[in-house]
Amino acid sequence: MKTEFLLSERDRANAALRESEQRYKRLLAATTDYIYTVDLERDLEHQTSHGPGCEAVTGYSPSDFASDPYLWYRIIHEADRPAVLNQVDLILHGELPPPIEHRITHRDGTLRWIRNTTIPHRSESGRLVAYDGLITDITERKRWEETLKAERNLLRTLVDNLPDYIFVKDTQSRFIMDNLPHSRALGATDAEAVLGKTEGDFLPEEEAALHRAEEECVFRSGRAQFNAEESSVDATGARRWFSTTRVPLKDLQGKIVGLVGIGHEITGLKRAEQALRESQERLSLVIRGSNDGIWDWNILTNEAYFSPRWKNMLGYEDHEIENRFSAWEELIHPDDRELARQRVQAYLAGDLPTYELEHRLRHKTGSYRWILARGVVLRDQTGTPVRLAGSHMDLTELKSAADRLQHANIELKETQAHLIQAARFESMGTLAAGVAHEVKNPLQTILMGLHYLSQKLGNLDGDLALTLSDMRESVTHANTIIGDLLTLSKATLFQMQLGSLNRIIQNCLRLVRNPLEAAQVLVALRLDPDLPQAKLDESRIEQVFLNLFLNSIHAMPGGGTLTVTTRVLELNETTIANMPMYRAFKPTQRLLLAEVRDTGTGIKEADLPRVFDPFFTTKPVGIGTGLGLSMAKMIIDRHEGVIDIRNASGGGVLATIALKAD
Amino acid sequence: MNSSKKRILVVDDEPKITRLIRLNLEQTGEYEVREENRASHAVQAARDFSPHLILLDVLMPGLDGGQLASEFQATPQFREVPIVFLTAAVTRDEVNSHGGYVGGMPFLAKPVDIPELIDCLRGHLEKATAGSPPGKPRQGTARRPLQ
């Protein structure tokens with residue numbers, strides 16, 4: 001019974017064991033691809049059996065392995081065999097080795113990765129009797145791992161080699177990952193040295209706190225912060241600028257676990273921006289300081305830019321002139337348009353080294369402003385002009401000043417000429433006074449001597465009488481010259497009173513009636529009956545007209561017409577501009593004009609500037625003294641008038657005398 | 001001294017002038033002429049000669065004609081004697097434009113022709129003999145004719 005009982009106990013135990021092993025096998029079969037079992041005999045491998053799943057993993061069937069005890073060993077990758085042998089060695093020595101992963105060569109020749117976990121089987125006495133090898137095909141996982149590893153490697157390479165700063169921090173702002181450029185920027189030798197630390201370990205406290213505050217903001221809001229511009233002072237004391245983007249890092253559940261930071265240095269950009277800003281400010285200052293207008297013409301599109309000052313120079317507000325090239329074309333003076341076109345073309349063609357043009361542009365009021373345009377061309381890579389840009393300077397005031405200066409110069413020259421002439425008159429006057437006295441006495445002697453002789457000699461024959469007569473005439477002529485000289489030297493003896501120019505002219509014409517008739521000169525009188533009186537010295541003005549009339553008569557030996565006109569002239573700016581002889585008067589001056597015109601031979605142009613010079617004469621020797629017009633000019637000057645002698649347009653000479661009417 | 005002839009004292013620093021005036025006037029047979037070339041001696045010469053008319057140059061070394069005329073005017077003996085200035089200091093036109101008088105005194109401008117001189121002298125001599133004091137300045141006192 002006992003034996004029976006014991007047997008049945010053993011049988012039950014064996015049955016339970018088998019059941020347990022069956023359960024173990026099923027369990028293992030569910031979690032592994034297949035199992036091989038190595039039975040040991042006296043601690044040596046006696047038999048190896050591969051489970052049914054082996055074919056799927058190795059390509060070989062259990063019977064293949066059964067018939068070839070070394071098949072398994074051969075399909076193990078040569079490089080992995082030591083690890084496999086080591087695992088076996090460990091288990092045979094009673095240890096429990098960790099699973100190993102190694103490669104095998106599939107029957108089809110491909111490499112497979114398997115996970116090999118050995119599990120020892122011991123007898124009740126504890127002796128190792130067998131062990132199982134649990135094989136799991138991990139080829140697919142290995143492939144993923146390789147891919148992942150490659151990707152991680154790629155990522156790391158990228159991260160470390162990008163010039164930008166890239167880092168990952170946890171919510172305590174500790175570095176989880178950092179790339180090399182950023183680590184070095186922090187002063188660390190490599191990225192590993194930064195991990196687990198915060199910026200406070202590397203940067204000044206204030207700066208680190210600032211960054212920490214920004215990061216807190218990202219953590220709190222959950223929103224990314226893009227391109228935040230931050231500056232810091234580096235070890236050399238130089239301020240450096242960075243642009244940083246911080247993106248919250250979330251786990252799979254969406255919980256913020258940190259942030260990813262990407263930054264790059266923008267110090268160069270900042271400096272360029274600053275330089276550009278300063279440059280623009282400088283340009284703006286210069287432009288404002290120079291008071292110039294700025295223009296920019298796109299030659300390809302005909303678009304243009306005109307600065308507000310450009311427009312303001314012409315009296316327009318910014319919005320009143322369109323920014324297009326035709327606006328300029330519409331404003332340019334018609335007489336300057338062709339010149340401007342030629343100048344631009346010549347400059348663009350390279351014929352001119354610079355573009356500079358003085359031209360007129362129409363002001364809003366309709367008047368024209370003188371503008372100096374200067375510009376420079378911008379060419380594309382082929383050398384084709386694409387833009388012409390430059391400045392406008394308002395030259396109007398400058399031009400006006402230049403005109404005034406020129407006018408002043410002319411007046412100065414005229415004044416100088418008058419002064420020289422006056423000085424000549426004065427010196428001549430002084431001389432004349434002395435000469436007159438010294439010469440007149442000898443003349444007196446000769447004249448009286450001639451008289452005495454003629455009385456003494458009585459009735460003389462022709463030649464003797466003629467000789468004495470010639471001598472007397474010569475004395476008279478010499479005396480006339482002396483008289484004229486004295487008149488010039490005694491300019492103070494003027495008696496100014498109201499008188500009629502018309503009457504003086506008529507008197508003078510009566511005095512020259514004989515010479516007029518002798519020369520067969522006709523007189524045309526066109527006297528203004530309403531001519532007002534003028535303050536003048538009648539006898540002096542008579543001298544002037546007598547001189548003019550006699551000059552005209554001498555200029556018409558073969559006859560002609562002497563036309564005498566009087567009229568009133570109301571001066572204005574235009575008349576003065578057209579007739580420089582009136583520049584001595586104010587623009588509102590009312591003048592009495594007397595014009596004496598002959599139809600004679602005229603005066604050589606070269607002689608015209610000298611007609612008022614003392615002793616200058618174009619008449620033959622013995623006719624005239626060369627002082628007539630000098631005297632006339634002196635007399636008219638003393639009346640604050642002007643005398644002008646010129647060749648008349650239809651021939652002959654036109655003498656004009658202008659006296660102030662009031 | 002021929003009482004029928006008019007005595008003319010000619011005062012001029014230029015002897016040629018005075019001589020030719022003398023010759024020409026005396027040639028007419030109507031005048032007796034005394035020449036005086038030194039202005040400073042003119043008054044004394046007049047005292048000696050008692051002229052009916054004095055012909056005076058203006059610009060002379062020492063005393064000028066104006067001063068001399070004043071002296072004559074200041075001398076009672078000569079106050080009535082007409083004085084005519086003959087000078088190179090004025091022009092014929094100036095004299096004519098003022099009717100033969102400058103500053104109230106009769107003037108002749110050098111060079112004067114003898115007939116014109118004689119006409120002038122004759123006119124002033126006639127005025128003097130007609131009752132009007134010969135050579136009396138129109139404005140009462142003699143003045144320096146030209147400054």
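First the proteins, then the strands, lettered A, B, ... as listed; each starts at 1.
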(request) For the pair B:Asp113 and A:Arg472, evaluate side chain to side chain contact (heavy atoms under 4.5 Å, CB included) and give the outcome as yes or no after the intermediate values. (result) CA-CA 9 Å; B:Asp113 208 353; A:Arg472 190 176 287 114; 4.2 Å; yes

(request) Give, as side chain, backbone, both or neither, the part of A:Thr445 having an atom under 4.5 angstrom from any heavy atom of chain B. (result) both

(message) To the nearest 0.5 Å, what is the distance between CG on B:Leu117 and CG on A:Leu447?
(response) 10.5 Å

(request) Taking the side chain as every heavy atom from C-beta outward, state whether A:Leu443 and B:Lys110 have any pair of such atoms under 4.5 Å apart. (result) no

(message) Give the interface residues of residues 20-29 of chain B toward chain A, defined by a heavy-atom separation under 4.5 Å.
(response) B:Leu20, B:Ile21, B:Leu23, B:Asn24, B:Gln27

(message) Any non-hydrogen side-chain atom of A:Pro442 less than 4.5 Å from a side-chain atom of B:Glu14?
(response) no

(message) Give me the atom names and distance for the closest heavy-atom approach of A:Gln444 to B:Pro111.
(response) OE1-CA, 3.2 Å

(message) If you define the side chain from C-beta out and look only at heavy atoms, does anything of A:Met448 sit under 4.5 Å from B:Val112?
(response) no

